2 protein chains.
Amino acid sequence: MTAIDATPRVCSVARTLEVVGEKWSLLAIREVFLGARRFEEMVVNIGAPRDTLANRLRTLVDAGILQRRRYSDRPPRDEYVLTDAGRDLYPVIISLMQWGDRHLPLESGPPMRLAHECGSPLHTHLACDSCGGRVDRSTVRRIDAAG
Amino acid sequence: MTAIDATPRVCSVARTLEVVGEKWSLLAIREVFLGARRFEEMVVNIGAPRDTLANRLRTLVDAGILQRRRYSDRPPRDEYVLTDAGRDLYPVIISLMQWGDRHLPLESGPPMRLAHECGSPLHTHLACDSCGGRVDRSTVRRIDAAG
DNA sequence: TACGGTCAGTCCGGAATTCGGACTGACCAA
DNA sequence: TTGGTCAGTCCGAATTCCGGACTGACCGTA
């Protein structure tokens with residue numbers, strides 16, 4: 001008996017993108033990483049419609065990626081901070097930035113320069129938590145679920 | 001004299017997302033990484049409207065991330081393969097997948113199981129190309145452009 | 001040579017989303 | 001009382017996305 005393909009593919013990439021893959025979401029997360037936690041800052045730094053950004057922030061809070069925190073009572077003002085889950089998106093943001101720096105360079109050089117604690121300009125690769133070895137297509141294999 | 005803020009922020013994350021940030025784009029790239037190079041496969045595995053997917057593939061080819069390659073002359077059939085730039089998106093895809101595996105788990109366990117060549121199930125972190133040390137918010141600092 | 005199937009799209013009109021900009025409401029400072 | 005800041009909401013027009021039907025090139029087979 002042949003099973004019918006479950007389509008579309010069940011995949012963590014797709015499930016993650018359902019949460020952070022809408023337009024402006026990842027830029028809002030970038031802003032919080034950069035320390036711009038207030039709505040007004042995000043609007044100008046991102047260039048998103050206020051409307052849409054307010055919706056995205058709601059979605060990210062509901063998803064447990066951002067948390068609203070009151071920083072002023074009079075007038076009532078909230079800021080957005082990263083949860084643990086939000087902080088775990090750091091590799092996604094950095095990987096996107098590194099790709100842009102490499103493949104969409106500006107004449108003026110990288111618009112935001114980062115350095116590792118070792119002193120070098122930041123260039124990264126993925127490494128295995130267990131052995132520390134480089135992770136790329138050639139060092140990863142798929143384990144097929146046995147039936 | 002005070003300079004007027006350049007808004008929105010000039011940023012490689014934003015420039016990268018202009019190319020790969022539209023709905024379905026990253027899933028199309030995922031498919032090619034997984035070996036599904038043909039249009040029809042992508043339609044069923046992704047679940048995107050054929051219409052929209054055809055547009056995304058055009059955009060990705062124009063951006064130099066995918067390349068069209070003829071694999072049959074009669075009937076004329078093309079497949080999509082990764083360019084070097086496309087292969088460099090591997091860390092983005094893997095980071096998204098790892099985040100989903102951790103924060104949006106399925107009862108049935110991770111839908112796609114990967115292993116590193118060392119034998120361990122794949123768990124990754126970002127590492128510095130220079131010193132190999134872990135890259136996270138606490139080990140990265142921003143270098144402000146001096147005026 | 002007629003029929004059915006595969007593949008890679010295009011075309012369609014309705015539905016949903018996004019857009020910029022105006023507006024609201026709470027508050028502060030002069 | 002006037003003006004400004006901040007965090008949104010509301011609006012109607014413009015754009016994008018959607019599922020599904022269709023096209024065109026070809027193959028297999030009967």
Side-chain angles (χ1 to χ4, degrees), chain A residues 2 4-9 14 17-29 31-32 34-63 66-82, chain B residues 2 4-9 14 17-29 31-32 34-63 66-82:
Chain A
T2 337
I4 296 165
D5 294 24
T7 66
R9 199 195 279 280
L17 288 173
E18 269 171 38
V19 178
V20 300
E22 286 175 300
K23 200 169 177 184
W24 308 121
S25 290
L26 283 166
L27 293 184
I29 294 165
E31 284 305 305
V32 183
L34 293 175
R37 291 186 273 267
R38 301 202 309 284
F39 183 79
E40 205 65 27
E41 290 177 286
M42 295 193 206
V43 167
V44 306
N45 290 338
I46 297 175
R50 315 174 68 79
D51 206 356
T52 309
L53 182 61
N55 280 327
R56 292 298 173 271
L57 290 170
R58 253 190 296 275
T59 303
L60 293 171
V61 168
D62 290 350
L66 298 180
Q67 194 184 344
R68 265 177 100 132
R69 194 173 62 184
R70 177 133 307 189
Y71 70 91
S72 154
D73 274 322
R74 209 153 303 94
R77 294 274 183 271
D78 296 310
E79 61 184 356
Y80 296 88
V81 295
L82 291 160
Chain B
T2 338
I4 295 164
D5 294 22
T7 66
R9 200 194 280 279
L17 288 173
E18 270 170 38
V19 178
V20 301
E22 286 176 298
K23 201 169 177 184
W24 309 121
S25 290
L26 283 165
L27 293 184
I29 294 165
E31 285 305 306
V32 183
L34 293 175
R37 291 186 273 268
R38 301 204 308 283
F39 184 80
E40 205 65 27
E41 289 178 285
M42 295 192 206
V43 168
V44 305
N45 289 339
I46 297 175
R50 314 173 69 79
D51 206 354
T52 308
L53 182 61
N55 280 327
R56 293 298 175 272
L57 290 170
R58 254 190 296 275
T59 303
L60 293 172
V61 168
D62 291 349
L66 297 180
Q67 195 182 343
R68 265 177 100 132
R69 195 174 59 185
R70 177 134 307 190
Y71 70 91
S72 155
D73 273 322
R74 207 151 302 91
R77 293 273 183 271
D78 295 311
E79 62 184 356
Y80 296 88
V81 296
L82 291 161

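Residue numbers start from 1 in every chain, and the chains themselves are labelled A, B, ... in the order their sequence lines are given, proteins ahead of strands. Owing to the predicted nature of the structure, the values given are computational and were not obtained by experimental measurement.
- Between E22(B) atom CD and dC17(D) atom C1' the separation is 11 Å, expressed in whole Å.
- Taking a 4.0 Å limit (strictly below) on heavy-atom distances, residues 47-58 of chain A reaches DNA chain D at R50(A), D51(A), A54(A), R58(A).
- When distances are taken from the side chain of R68(A) to each of dC27(C), dG8(D), dG9(C), the shortest belongs to dG8(D).
- Here the closest heavy-atom approach between residue W24(A) and residue G47(A) is recorded as CH2-O, 4.0 Å.
- Straight-line distance from the OH atom of Y71(A) to the P atom of dC6(D): 7 Å, rounded to whole Å.
- Remark: the R77(A) side chain and the dC6(D) base include a donor-acceptor N/O pair separated by less than 3.5 Å.
- The 12-atom threshold is not exceeded at CZ of R74(A), counting heavy atoms of other residues, nucleotides or ligands nearer than 6.0 Å.
- Atom-to-atom, CG of D78(A) to C1' of dC6(D) comes out at 11 Å; the value is rounded to the nearest Å.
- Between E40(B) and R50(B), at least one side-chain nitrogen of the basic residue sits less than 4.0 Å from a carboxylate oxygen of the acidic one, meeting the salt-bridge criterion.
- Closest heavy-atom contact between S25(A) and L60(A): O-CD1, 3.9 Å.
- Atom pair R70(A):CZ and dA7(D):C1' shows a separation of 11 Å (rounding to whole Å applied).
- Residue W24(B) has a polar side-chain atom (N or O) positioned under 4.0 Å from OP1 or OP2 of dC18(D).
- Atom CZ of F39(B) and atom C1' of dG24(D) are 15 Å apart (whole Å).
- The distance between atom CD1 of I46(B) and atom P of dC17(D), rounded to the nearest whole Å, is 14 Å.
- The shortest distance between the side-chain N/O atoms of K23(B) and the OP1/OP2 oxygens of dC18(D) is below 4.0 Å.
- By the 4.0 Å N-to-carboxylate-O rule, R38(B) lies too far from E31(B) to be salt-bridged with it.
- Note: CD (E41(B)) to C1' (dG9(C)) measures 15 Å, nearest angstrom.
- Annotation for Y80(B) and V32(B): closest pair O-CG1, 3.6 Å, computed over non-hydrogen atoms.
- Not one N or O on the side chain of R70(A) forms a donor-acceptor pair closer than 3.5 Å with the backbone of P76(A).
- What separates CZ of R38(B) from P of dC7(C) is a distance of 6 Å, to the nearest Å.
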